[in-house]
Amino acid sequence: MQTRQRQLANRRAAKKKLWWWIGGGVLALAILCLGFLYLRGFFRSEVEYKITNGLSLEEPRFPLLVVSLSNALPTSGRLTDYWSGADAIYAARIDAIKSAKRTIHFETYYMTPGRRADEFAAPLSDRAQAGVEVQLFLSPIAIRATC
């Protein structure tokens, strides 16, 4: 009789222990999911910016405005112009590449093969052959997506 009671007590203890493990696993999974959502910005409200007094390019505070709106890190550099529209941006980049004298640091996230890529490759190759140091940084994620 006592062994039967002991067996029942052991079973209850084993079930209780199992439920503790299941509950702990569910709690850990919930914490992991909430942490992932938090890191992805799920609980953050989206910010909407409205510029009422736009600064001109000559204003010394213009780079600070661009940095604050783009959530970028401020760096030193020379602001030469502001372009809108893909054709104007590509033309300015190619002109800058062609006029480089010492170094070219070119970073892009995504560039598909075709006419635009060929338009960049030719002046980059010309400048490299002229002795200009050319450094390209292409996103490995984007490269894998196009291969």
Side-chain angles (χ1 to χ4, degrees), residues 1-97 100 102-125 127-128 132-147:
M1 180 118 174
Q2 222 173 25
T3 57
R4 180 143 176 91
Q5 287 176 344
R6 195 174 287 163
Q7 286 176 346
L8 286 174
N10 286 342
R11 282 187 193 155
R12 278 190 223 123
K15 281 185 180 181
K16 191 175 183 181
K17 191 175 186 181
L18 177 66
W19 281 111
W20 274 104
W21 276 104
I22 291 173
V26 168
L27 181 64
L29 187 62
I31 289 172
L32 187 68
C33 288
L34 287 173
F36 175 76
L37 290 173
Y38 174 76
L39 292 175
R40 298 289 295 164
F42 184 76
F43 302 109
R44 237 179 289 154
S45 60
E46 197 168 308
V47 179
E48 187 175 320
Y49 295 103
K50 290 185 180 181
I51 301 172
T52 55
N53 288 342
L55 300 174
S56 69
L57 292 175
E58 290 78 29
E59 287 262 353
R61 295 178 300 159
F62 181 77
L64 183 60
L65 173 72
V66 172
V67 165
S68 63
L69 289 177
S70 64
N71 198 20
L73 295 173
T75 60
S76 62
R78 181 173 46 101
L79 184 63
T80 58
D81 206 346
Y82 180 78
W83 303 275
S84 61
D87 291 333
I89 293 170
Y90 280 112
R93 286 180 180 170
I94 290 174
D95 288 343
I97 291 170
R102 289 184 306 202
T103 59
I104 297 173
H105 301 276
F106 187 78
E107 178 180 352
T108 185
Y109 171 73
Y110 190 78
M111 184 176 289
T112 57
R115 182 180 58 88
R116 295 255 191 223
D118 294 342
E119 288 175 359
F120 277 106
L124 284 171
S125 176
R127 296 313 312 154
V132 175
E133 178 188 357
V134 176
Q135 292 182 347
L136 298 175
F137 176 76
L138 305 171
S139 169
I141 296 169
I143 291 171
R144 269 188 247 120
T146 58
C147 292

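Bear in mind that the values here come from a model prediction, so they are computed numbers and not experimental data.
In Phe36, the CZ atom is not crowded: 12 or fewer heavy atoms of neighbouring residues, nucleotides or ligands sit closer than 6.0 Å.
Interatomic distance, Gln7 CD to Asn10 CG, rounded to the nearest 0.5 Å: 8.0 Å. In this structure, the separation between CD on Gln135 and CD on Glu107 is 11.5 Å, given to the nearest 0.5 Å. The CZ atom of Arg93 sits 12.0 Å away from the CD atom of Glu119 when rounded to the nearest 0.5 Å. Note: Leu27 CG to Ile22 CD1 = 13.5 Å, rounded to the nearest 0.5 Å.
Judged by distance alone, the side chain of Arg127 and the main-chain N or O of Ala100 form a donor-acceptor pair under 3.5 Å.
In this structure the side chain of Val134 never reaches within 4.5 angstrom of the side chain of Phe106, judged on heavy atoms. A heavy-atom distance below 4.5 Å is found between the side chains of Phe120 and Tyr90.
Minimum interatomic distance between Leu39 and Arg44 (heavy atoms only, all atoms of both residues): O-NH2, 4.3 Å.
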